There are 2 protein chains.
Amino acid sequence: MKIQKIPEASIVRMSVYSRYLSRLDQKGIVTTSSGEIADGVGVSPAQVRKDLAYFGEFGTRGVGYNVKDLHHHVLKILGLTNEWPVVLVGAGNLGTALCVYRGFRERGFKIVGVLDSDPKKHGQPLGDLVILPMDKMEEIIKENDVKMGIVTVPSDFAQDIVNLLVKYGVKAILNFAPRAITVPEDVELRNVDLAVNLEVLTFKLSS
Amino acid sequence: MKIQKIPEASIVRMSVYSRYLSRLDQKGIVTTSSGEIADGVGVSPAQVRKDLAYFGEFGTRGVGYNVKDLHHHVLKILGLTNEWPVVLVGAGNLGTALCVYRGFRERGFKIVGVLDSDPKKHGQPLGDLVILPMDKMEEIIKENDVKMGIVTVPSDFAQDIVNLLVKYGVKAILNFAPRAITVPEDVELRNVDLAVNLEVLTFKLSS
DNA sequence: GACTGTGAAGCCATTCACAGCT
DNA sequence: AGCTGTGAATGGCTTCACAGTC
């Protein structure tokens with residue numbers, strides 16, 4: 001295998017494969033194939049093989065893949081073999097929902113701090129945490145060695161919050177505010193725009 | 001302009017442009033350019049022009065675009081000139097958060113019904129709605145002429161719920177369950193996988 | 001001079017098709 | 001015979017570069 005750039009879409013699919021492999025493993029299935037995975041997640045078998053091939057040779061020709069083995073490899077590729085501490089900023093409706101979202105914990109993400117600028121919220125319990133004021137950000141990040149942040153503050157404040165997170169050493173940010181945000185080169189940013197997803201649907205319904 | 005297939009990525013960007021144009025309009029700005037829009041949303045000017053060109057000629061050479069005018073055109077293209085009634089299924093943490101999410105209402109999406117299978121939740125207020133049992137689905141959809149649904153139920157039930165929505169006439173579904181879901185050809189489906197977004201970040205942090 | 005609209009070129013991702021292994 | 005791994009072919013999106021317009 002030559003070294004080459006890996007498409008972001010492949011990484012997204014790797015994450016999806018890993019969830020499917022975890023299900024196969026739970027069902028006690030020992031061996032699988034690119035065809036089975038493809039059916040299970042809704043892509044082509046060639047796509048599955050190509051994606052996996054970016055990272056190594058995990059299968060046996062004529063046989064397929066060992067489920068446990070492949071699952072472990074994929075988790076390792078995604079960096080999910082250890083728990084990730086995460087700080088969440090913005091304890092509004094969306095923030096509180098994400099804070100207790102089981103899908104994150106199941107995949108090894110642990111929210112270790114929830115911050116909000118509203119003094120009325122400070123001290124309020126949220127899951128097994130307590131909402132803290134913004135000036136606790138540095139402490140939370142440093143004490144827990146936090147590298148990831150989730151931003152669910154109103155759009156107007158998103159860039160400022162992101163700047164703060166970066167200042168205190170966060171290296172990857174998931175932003176839910178529908179605004180263009182900039183970060184330094186060594187920081188990873190992903191945006192999730194919930195309304196956009198509905199609007200793609202209305203476009204298709206209308207055309 | 002020739003007829004041609006429009007990339008989905010272009011539609012996503014159109015939605016982003018429309019939000020930026022709405023901000024420019026609010027600020028009272030009358031004229032803009034592909035360069036300004038590009039800077040504002042973080043893409044290239046050529047990309048902006050190409051995207052818009054899929055749908056028509058909205059600008060004036062040497063001048064730029066009229067903000068109000070372009071904004072209106074983009075909203076019309078996205079099918080956002082009328083309010084869309086939406087039904088939401090699954091009043092867990094994520095579902096309740098989305099139900100009162102301002103970002104949806106601001107863009108013309110109105111949740112007209114929240115359903116959950118848990119009898120303990122029935123009758124509980126949620127925003128200005130009340131959580132209803134699943135067997136009210138048909139009534140809600142028919143009475144409000146609902147064409148869009150949001151699914152925030154546990155993964156194991158997502159396909160069943162989607163099947164029900166489709167059965168009662170919903171034509172576009174936004175699914176938050178991390179499972180492969182299938183729908184008939186005439187139904188649009190989009191998946192939002194929140195954990196995947198964090199996992200793409202961990203991949204990048206780890207590599 | 002400034003900015004749009006667009007064919008052509010370049011680039012990137014997916015699919016194909018088959019050699020290689022069990 | 002069955003399935004992986006992969007170079008080659010295809011298809012699609014983005015960028016380039018410039019003619020057209022004000």
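Naming: A, B, ... by sequence-line order, numbering from 1 per chain. Keep in mind it's a predicted model, so treat the numbers as computed, not measured.
Residue pairs meeting the side-chain hydrogen bond (donor to acceptor under 3.5 Å, both in side chains) criterion with at least one member in residues 90-105 of chain A, sequence neighbours excluded, do not occur. Identified under the side-chain hydrogen bond (donor to acceptor under 3.5 Å, both in side chains) test for residues 190-207 of chain A, with sequence neighbours left out: A:E8-A:R190, A:N175-A:N191, A:R190-B:N197, A:D193-B:R19, A:N197-B:R190, A:E199-B:S15, A:E199-B:R107, A:K204-B:E8.
Applying a 4.0 Å cut-off to non-hydrogen atoms, the residues of residues 65-78 of chain A that approach DNA chain D are A:Y65, listed by residue number. Residues of residues 19-33 of chain B having a heavy atom closer than 4.0 Å to DNA chain C, listed by number: B:S33. Residues from residues 192-207 of chain A that place a heavy atom under 4.0 Å from any atom of DNA chain D: there are none.
With rounding to the nearest 0.5 Å, the separation of CD1 in B:I77 from CD1 in B:I11 is 10.5 Å.
Per the geometry, CD belonging to B:E36 stands 16 Å off P belonging to C:dA2, to the nearest Å. Rounded to an integer number of Å, the gap from CZ of A:F58 to P of D:dT6 is 11 Å.
For the salt bridge (charged side-chain N to carboxylate O under 4.0 Å, His left out) test, residues two or more places apart in sequence or in another chain that qualify with A:D186 are A:K171. A:D135 is linked by a salt bridge (charged side-chain N to carboxylate O under 4.0 Å, His left out) to nothing, counting only residues two or more places apart in sequence or in another chain. Looking at residues two or more places apart in sequence or on another chain, you find no salt bridge (charged side-chain N to carboxylate O under 4.0 Å, His left out) involving B:K110. The ring-ring contact (aromatic ring centres under 6.0 Å, His included) search around A:H73 returns A:F58, not counting sequence neighbours. Applying the salt bridge (charged side-chain N to carboxylate O under 4.0 Å, His left out) criterion to A:K167, with sequence neighbours excluded, gives no partner residue. Annotation: side-chain hydrogen bond (donor to acceptor under 3.5 Å, both in side chains) contacts of B:D156 (sequence neighbours excluded): B:R179.
In this structure, the side chains of B:F104 and B:V86 stay at 4.5 Å or more apart for every pair of heavy atoms. Here the side chains of A:V151 and A:V162 are in contact, with some heavy-atom distance below 4.5 Å.
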Would you check, one step at a time, whether the test side chain to side chain contact (heavy atoms under 4.5 Å, CB included) holds for A:I140 with A:N144? CA-CA 6 Å; A:I140 295 280; A:N144 297 278; 3.9 Å; yes
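A salt bridge links A:D145 to A:K147: one of the charged nitrogens lies within less than 4.0 Å of a carboxylate oxygen.
Distances shown here put every side-chain N or O of B:T60 at or beyond 4.0 Å from the OP1 or OP2 atom of C:dT4. Applying the 4.0 Å criterion to OP1 and OP2 of C:dT4, one finds that B:S34 has a side-chain N or O inside that range.
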Per-nt protein contacts along nucleotides 11-19 of chain D (heavy atom under 4.0 Å; B base, S backbone sugar-phosphate only, - none) come out as --SBB-B-B
